[in-house]
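In what follows, every heavy atom counts, from backbone to side chain, and hydrogens, waters and symmetry copies are set aside. In what follows, residues are counted from 1 in the order of the sequence shown. In this text the structure is predicted, and so the values were computed from the model without any measurement. Whatever order the structure lists ligands and atoms in, that order sets their numbers, starting from 1.
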Amino acid sequence: MQQRTPTRQVAIGDERTGIIRIGGGLPADHPMSDGSIIPAPVSVQTMTAGYTHDIDKCVAEIHKLTAAGADVVRVAVPEKKDTEALGEILKQTTVPIVADVHFHFKRALEAVEAGVHKIRLNPGNINDRAQVEQVIDACKDASIPIRIGVNEGSIIERKDKQARAKELGAFFSDNKHGYMLAIMIAKLEEYLDIFYERDFFDITISAKSMDASLVIDAYTEIAKRFPHPLHLGVTHAGPKETGCIRSVVALGTLLANGIGDTIRISYANDPIYEVEDGLELLYTLGLRERIGAELIACPTCGRIQVDLFSLVQDVNKKLEADIQVPMKVAVMGCVVNGPGEAEGADVAVFAGDRKGIIYVQGEKVATVPEDEILDRLLSECRTFQDRVRSGDAKLGEKKVDIVPPDPEGELGSGWEKMAHERMASGTTPLTIKGS
Ligand code: SF4
């Protein structure tokens, strides 16, 4: 992991929602420093999928996303009836809200008036200088930041595309995304000048594309040039199944390189998955402290003797509901490689011949039949959680090595016993391969 790229922090929220800070912090002597030098945690954003003017549904959706762990929620305000709903939505919700303004600067002014915590503008859609200046001044008066989104889909100048390609394409001639990168950066520079001229520096930047490699290149180039926090995302990433890969490849690469201050994973699906997967990405990279259990599970192979896939799904659901401390839980299919692969797990089960052997921090606590594995494992997880909370146990403290049980003993997978019996009876031995 590279060190976090320094960026000027912005703050969003109020006393009721709490303040979320976004940015890596700048050295105190940087001309744009706001005095914050300690990096703020990378935050997770998402966007409501329903109409903002449908107040009850919008509030319910924001509550659901907040409960799932969203740090910031964005709502679209394409029409006046949407900005008119904002006041009531803000009263009923407890998370910072960003108003996404697409085409009309007046929606931005109305959203600021309603008390929204941040505005998102797009230079491709609102480019009249006088209008942009009005929005900047309103946000400055309200002390709220603005996100500038130079996303691929909305910044291309279509009328004089060829002339622009000729003029700017050479800047990045060694890069296959040169043309688009040059456009993004040129637009950003032009737009930022308007903000700087009005002494407005509470800015975040996004440069999304549906092309993961362009996203990596665009944010990398922008991070070199501008000291503002970066809002990472792959736009129109598609269904969750493929969008997850696109997003994680691009965002994971950038974050591992120290680039990115807030993220939104976007799917053509319920936005709750955007929050869950965004958090999981940050946990995986060690950029956020995990809330709840981390489940480790084997992929299964020909040694499996229990219905492990169903067991893993059931364990996952129950852990989400019952466990809040960040314990590691391992569900392994056999005793051959399971113990080694589950090293460091706080609670682990190794399945075998229609049975499961359960360990808590390296100590064997039970051997149970297959249909009792789920309940016993969860019971041990809850007990361990209570011990951690009371100070009786520490997470990740392995007291005893997990010694694999004899594969031909009571837990033996069955294959080993059959092989042994065949050897003893003189029939052709079965071959047992490593996983
Ligand atoms: S060897 Fe055992 S632990 Fe490893 S994948 Fe196969 S069943 Fe799972």
Side-chain angles (χ1 to χ4, degrees), residues 241 244-245 248 252 277 280-281 283-284 290 292-320 322-323 326-384 395-424 427-435:
E241 292 74 16
C244 180
I245 305 290
V248 167
D277 291 359
E280 189 59 41
L281 175 59
Y283 295 152
T284 303
R290 183 178 288 278
E294 178 178 9
L295 181 58
I296 302 157
C298 87
T300 80
C301 71
R303 291 191 177 93
I304 197 80
Q305 292 255 303
V306 297
D307 180 2
L308 197 89
F309 288 161
S310 301
L311 178 64
V312 168
Q313 294 301 326
D314 292 343
V315 170
N316 197 28
K317 271 189 218 143
K318 297 274 187 184
L319 289 175
E320 275 177 19
D322 291 3
I323 303 299
M327 67 171 72
K328 279 190 182 163
V329 179
V331 178
M332 311 304 284
C334 76
V335 295
V336 177
N337 293 328
E341 289 162 6
E343 281 275 332
D346 296 297
V347 182
V349 61
F350 308 103
D353 191 7
R354 301 290 163 201
K355 290 178 187 160
I357 182 166
I358 297 173
Y359 286 82
V360 176
Q361 293 208 315
E363 288 183 52
K364 180 179 168 184
V365 293
T367 302
V368 293
E370 182 177 2
D371 61 357
E372 292 175 23
I373 293 176
L374 178 64
D375 286 347
R376 184 61 190 262
L377 182 72
L378 288 161
S379 158
E380 294 298 339
C381 288
R382 285 190 288 266
T383 304
F384 181 69
L395 292 169
E397 190 181 67
K398 190 161 73 73
K399 289 180 180 161
V400 184
D401 282 339
I402 297 174
V403 180
D406 172 11
E408 291 182 33
E410 62 161 340
L411 194 72
S413 69
W415 300 116
E416 287 83 356
K417 279 188 277 191
M418 285 164 64
H420 185 87
E421 283 159 17
R422 282 182 166 231
M423 289 284 278
T427 27
T428 314
L430 292 171
T431 305
I432 299 175
K433 293 178 181 168
S435 65

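- E370 places a side-chain N or O within 3.5 Å of a backbone atom of D307 that can act as its donor or acceptor partner.
- Evaluated by nearest non-hydrogen atom to atom 8 (Fe) of ligand 1, the leading choice among G333, C298, A297 is C298.
- For C301, every N, O or S atom stays at 2.8 Å or more from atom 2 (Fe) of ligand 1.
- Counting only distance, with no hydrogens or angles, the side chain of S379 and the backbone of D375 share no donor-acceptor pair below 3.5 Å.
- Side-chain contact between V349 and V329 is absent, with no heavy atoms from C-beta onward closer than 4.5 Å.
- Using a 4.0 Å cut-off between heavy atoms, L308 makes no contact with ligand 1 at all.
- The main-chain N or O of Q361 is never found under 3.5 Å from a side-chain atom of D346 such that the two would form a donor-acceptor pair.
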